[in-house]
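Working notes for the structure below.
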Amino acid sequence: MENLIALLVAAPLLGAAVLLCGGRRLDPVGHWIGTVLASASFVIGAILFADMLGKDEEHRALAQHLFSWIPVEGFQADIAFQLDQLSMTFVLLITGVGSLIHVYSIGYMEHDERRRRFFGYLNLFLAAMLLLVLADNYLLLYVGWEGVGLASYLLIGFWQHKPSAATAAKKAFLVNRVGDMGLSIAIMLMFTTFGTFAFGPVLEATGETGEGKLTAIGLMLLLAACGKSAQVPLQSWLGDAMEGPTPVSALIHAATMVTAGVYLIVRSGEIFNAAPDAQLVTTVVGAVTLLFGAIVGCAKDDIKKALAGSTMSQIGYMILAAGLGPIGYVFAIMHLVTHGFFKAGLFLGAGSVMHGMNDEVDMRKYGGLRKHMPVTFVTFGLGYLAIIGFPGLSGFFSKDKIIEAAFAKGGTEGWILGGVALLGAAITAFYMTRVMLMTFFGEKRWQPDEHGHEPHPHESPKSMTIPMIVLAFGSVFAGGFFGIGDRFLHWLEPVTEHTHGHPPIGATTVTLSTMVVLVIGVGLAYLQYGRRPVPVVAPRGSLLTRAARRDLLQDDFNHVVLVRGGEHLTRSLVYVDHTLVDGVVNGTAASMGGLSGRLRKLQNGYARSYAVSMFGGAAILIAATLLMRAV
Amino acid sequence: MSATAVHSLWTTAADPIQKIDAPNIEYGQLAPTLIVIGAAVVGILVEAFVPRRSRYYVQIFVSVVALAAAFAAVVALAASGYGTTKAGIAAMGAVAVDGPALFLQGVILLAGVLGVFTFAERRLDPVAHGNRVDSFAAQAASVPGSDSEKAAVKAGFTTTEVFPLLLFAIGGMLVFPAANDLLTLFIALEVFSLPLYLLCAVARRKRIMSQEAAVKYFLLGAFASAFTLFGIALLYGYAGSVSYATIAQVVDGTVETVNPALADTMGNDALLLIGAAMIVMGLLFKVGAVPFHMWTPDVYQGAPTPVTGFMAAATKVAAFGALLRLLYVVLPGLRWDWRPVMMGVAVVTMLGGAIVAITQTDIKRLLAYSSIAHAGFILAGVIAMTPDGVSSVLFYLAAYSFVTIGAFAVVTLVRDAGGEATHLSKWAGLGRRSPLVAAVFAVYLLAFAGIPLTSGFAGKFAVFKAAAEGGASALVVVGVISSAIAAFFYIRVIVLMFFSEPRPEGPTVAVPSPLTMTAIAVGVAVTLVLGVAPQYFLDLAGQAGVFVR
């Protein structure tokens, strides 16, 4: 069975290779190749899953050692895979949602002449992401980590003819680089501390290691997670990343890649468990981001950017849960999976709306679309109910547990974190209701564009609606399936450990409060956007609104502090480089050149002077040999 | 000699005639050399008896078959354990058959095959009077520019003698690293040097320069040979024998039998030190170490480029083989005396080659200075005096010879009206006009510079590692500094080829026949394979790295 693991990665990798190297003659079939190979990976994943279910829970983990990548004494890097319940969860999510989005993209990218290349990149992404979650050591994980970063960069900038897309890709790449630096430093620290990168030995050895070192490693891992998962302070790239084609936003920037940070923290659970300071910082990052993203989501008129803010916020929940330690790991992953369903569904819905609206993204120019796009409306609506935590739907089960766990952290921290999580739930309800109302309800607000073409909203083709329907099923039932009877908890517990916290307030109270804030959020949004007509031109808004529209001034902050500061730093470094370093270098080079020119003159072309030089050389050689004996 | 002794010489006739034992020659173990020398003799007969039209083809056939057969013999010997367990001395103590000898013979034979290919190239020069011509003069004996030369060109003569000459040179080179006594060493030295002097003189174009190079090479080579021979005489005086094993025993003080006639001089350390230094000097001349390097640039530039490529590769292999054997078999007991001196030579060779190369403007001279610097790097491995030192040098030589032949083969392709365009300014923008040729040459340059993923890096790493472990860390520091200096001029050529505007009257790149193409392709392939996966070949060199004593 374990021999199948490599095939999981190999199938999409083959697809990427074939599609990217195959050239134009593959254009007519490229999307089918990509979709079939992605689905093949899903089928293999399903087979492995069935096999895993057949075993008792202590012996479910599989391992496959392919070959020694860098075998140096004391530095062993292996290409080896590990498939346990945690990896399995990700494999199914990645290949499942991935395959659906491949199918969706067939329709969505139909008129794009570079569709083959798009599918090649998507397959590359799947391969890298699977490598990330299947690696059995941090170094190989790092390969996958960089691979998904590359695929993300290529796909955000897929429409590179748009300067905004090219810039967004560059921005994502650069911001991620900061996080990647954290991961590489963490790996180096691990090597110096533990002498290995493999998960098993590293995580087992945490018991005998000083807390200071573990805190440092934990914080570096957190930095990596912040970059990849768009958490404060490295959140600024995610909004711009929406420049990529919508299936990309759904797959990479909502369902899978951005959750890699959560995976990293949960996978490194033992390190964080032994480093409470790092855990605290993690929870703070999660809490701040969940509010940050939610506030930004309230102010955006661009449907994809509003959803991006929401993604940020939801991942904030997961990071918060992961930072809580064993009381939160399971719920972080559970929310990650349910979020994968409903957020991918929401993005596909948004893509479907844009498809019908001539790629218009401004929600102020939508309105009343429910009549024109019934399937999109229903699937989007179910995703909406799931994300706000409507009782019985997916989000309800997973988010509720996180809020409960946050309170269970105990002490003042517990109250603060729990309160923030509750507040976040209210804001989530508000901004999602706003998106829903502005898009599907009210009067139609679309107008002819500058060429006089009026959009004719229409339902999308089957290849797009079917994935949306499948994902809507997941949005509705996944949470209940996982949550009722603690199924997911029992599934994941052997890997992540789980302890029940002691919440200061009862679970019922938490659920009830969640319901209350939910109603408040939805009600406020209804008052604002449902009862009154939505202005086509955005009103000026309060100071907070304006700041939120500018992503809470994140770019301004980065520009002033990092860009300007960086420019000053580089300018002074360049000065030092020009005067000092270049001086030394050029001086050396010039003196070498001069020396060379002088020595060259010895080579005068006369055999007689060559002979003299040989004679002199021989004399010196003999004299030196004799001298050596004399000394 | 006392009077009675003299008398006895005259009276021995009265004694019963002593039976002279026939020398015992292990023909099988000497097969590689015998095949090549035999083929060279056949080549001379071909010159005498085969019609002029078909000589070229017959000569190529004979040469390639002989070299392939000799290589097969080397492989067979190595496979049957003569490189390791069955290593021994053959031909009454004259020739050693052991790992280093077989390894270097294999390298020399492969280099020889590629050399034959480049010698046989006839597509590069424009057709003269309806005849395809190669790099060699129509008639070497005719005065350049004279009527007799014109007549020879018109008649379509070619100097097919280059093939037997090449085979003789290879034959000598095969013996050189295997020579196990000083006389064999000297004879092998002359056997391979004389054909090379001749080959240098027979360029088709710029023949005055070619002849000047040959004369210089010959004069200086003769000068160096004289030193070597004198050194041999002194060592004989010291040890009473020319056999490596006996000399080593005398050096170590473990000698058993003493020739009474030499009892007075034996064990005189002055003879030993001076003699050893003079023999080593002769070998350093052949490898082109500073200050015995002065011939290298002039000869490399003047000689026909195929000859330069072969000579640069194979001479270095043979000479370093002989130097290794001399230092590791004969003089290990003397290492505290020669090691510091050789370190000095290595330092000035590395630095001298690299520094002077910076200001060169001719590609062939540039490569000549580069070869000097490489001689210094190899010396660093020689000085290690460890088994790793031997194997690293063997590996380096194998890697270096393929790069060198390939690089000079590329030089033959870049031509203008005057033949090969060797001035560097003419190479500007070559990468835009002929990206493939420029890319191949760039690979060679990167290998010369020792950039990872090329054989140059693996070789350099091996010798530096051996030198550092052998206690010559200072040498490694100098080596790395020289590598940095050397990288400058290699990269400069790459920059020139790819980032300069092509000149309007720039040279064209000729399309060679499959012969040269094979030589270049094999060179690139070996360079990359040895660079990407060097371990197998390092192991091979490691197994071969033990001298028989």
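With values rounded to the nearest 0.5 angstrom, A:Thr588 atom OG1 is found 9.5 Å from B:Ile485 atom CD1. Once rounded to the nearest 0.5 Å, the distance linking CE of A:Met614 with CG of B:Leu219 reads 10.5 Å. Distance check: B:Met281 CE to A:Thr625 OG1 gives 12.5 Å after rounding to the nearest 0.5 Å.
Counted within 6.0 Å of CD on A:Glu113, heavy atoms from surrounding residues, nucleotides or ligands total 12 or fewer; the atom is thus considered open. In B:Tyr536, the OH atom is not crowded: 12 or fewer heavy atoms of neighbouring residues, nucleotides or ligands sit closer than 6.0 Å. The number of heavy atoms from other shown groups lying within 6.0 Å of CZ (B:Phe230) does not exceed 12. No more than 12 heavy atoms of other residues, nucleotides or ligands shown are found within 6.0 angstrom of OH on A:Tyr606. In the displayed structure, B:Lys206 atom NZ is contacted under 6.0 Å by more than 12 heavy atoms of other residues, nucleotides or ligands. Within 6.0 Å of the OH atom in A:Tyr153, the count of heavy atoms belonging to other residues, nucleotides or ligands does not exceed 12. Within 6.0 Å of CZ in A:Phe194 there are more than 12 heavy atoms belonging to other residues, nucleotides or ligands.
Per-residue heavy-atom pair counts under 4.5 Å with chain B were compared for A:Ser613, A:Ala607, A:Ala624, and the maximum is reached by A:Ser613. Among B:Ile358, B:Leu220, B:Val215, the residue making the largest number of heavy-atom pairs under 4.5 Å with chain A is B:Leu220. Residue with the most contacts toward chain A among B:Asp269, B:Val280, B:Val345, B:Leu284: B:Asp269 (heavy-atom pairs, distance under 4.5 Å).
Judged purely by atom type and a 3.5 angstrom limit, A:Arg600 uses its side chain to pair as donor or acceptor with the backbone of B:Thr359. In this structure, B:Lys216 contributes its side chain and A:Gly605 its backbone to a donor-acceptor pair below 3.5 Å. Under the 3.5 Å distance criterion, the side-chain polar atoms of A:Ser596 are matched with a main-chain donor or acceptor of B:Ile355.
Proximity to chain A (any heavy atom under 4.5 Å) is shown, for B:Ala276, by neither the backbone nor the side chain. Heavy-atom distances place the side chain of B:Phe285, and not its backbone, under 4.5 Å from chain A. When heavy atoms are compared at a cutoff of 4.5 Å, B:Tyr217 does not approach chain A at all.
A pairwise comparison of heavy atoms in A:Arg629 and B:Leu334 identifies NH2-CD1, 3.2 Å as the closest pair. Across every non-hydrogen atom of B:Phe223 and A:Ala611, the tightest pair is CE2-O, 3.4 Å. In plain terms, the two heavy atoms of B:Ala277 and A:Ile622 that are nearest each other are CB-CG1, 3.7 Å.
For a heavy-atom cut-off of 4.5 Å, chain A lies close to B:Pro291, B:Phe292, B:His293, B:Met294, B:Trp295, B:Pro297, B:Asp298 in residues 290-299 of chain B.
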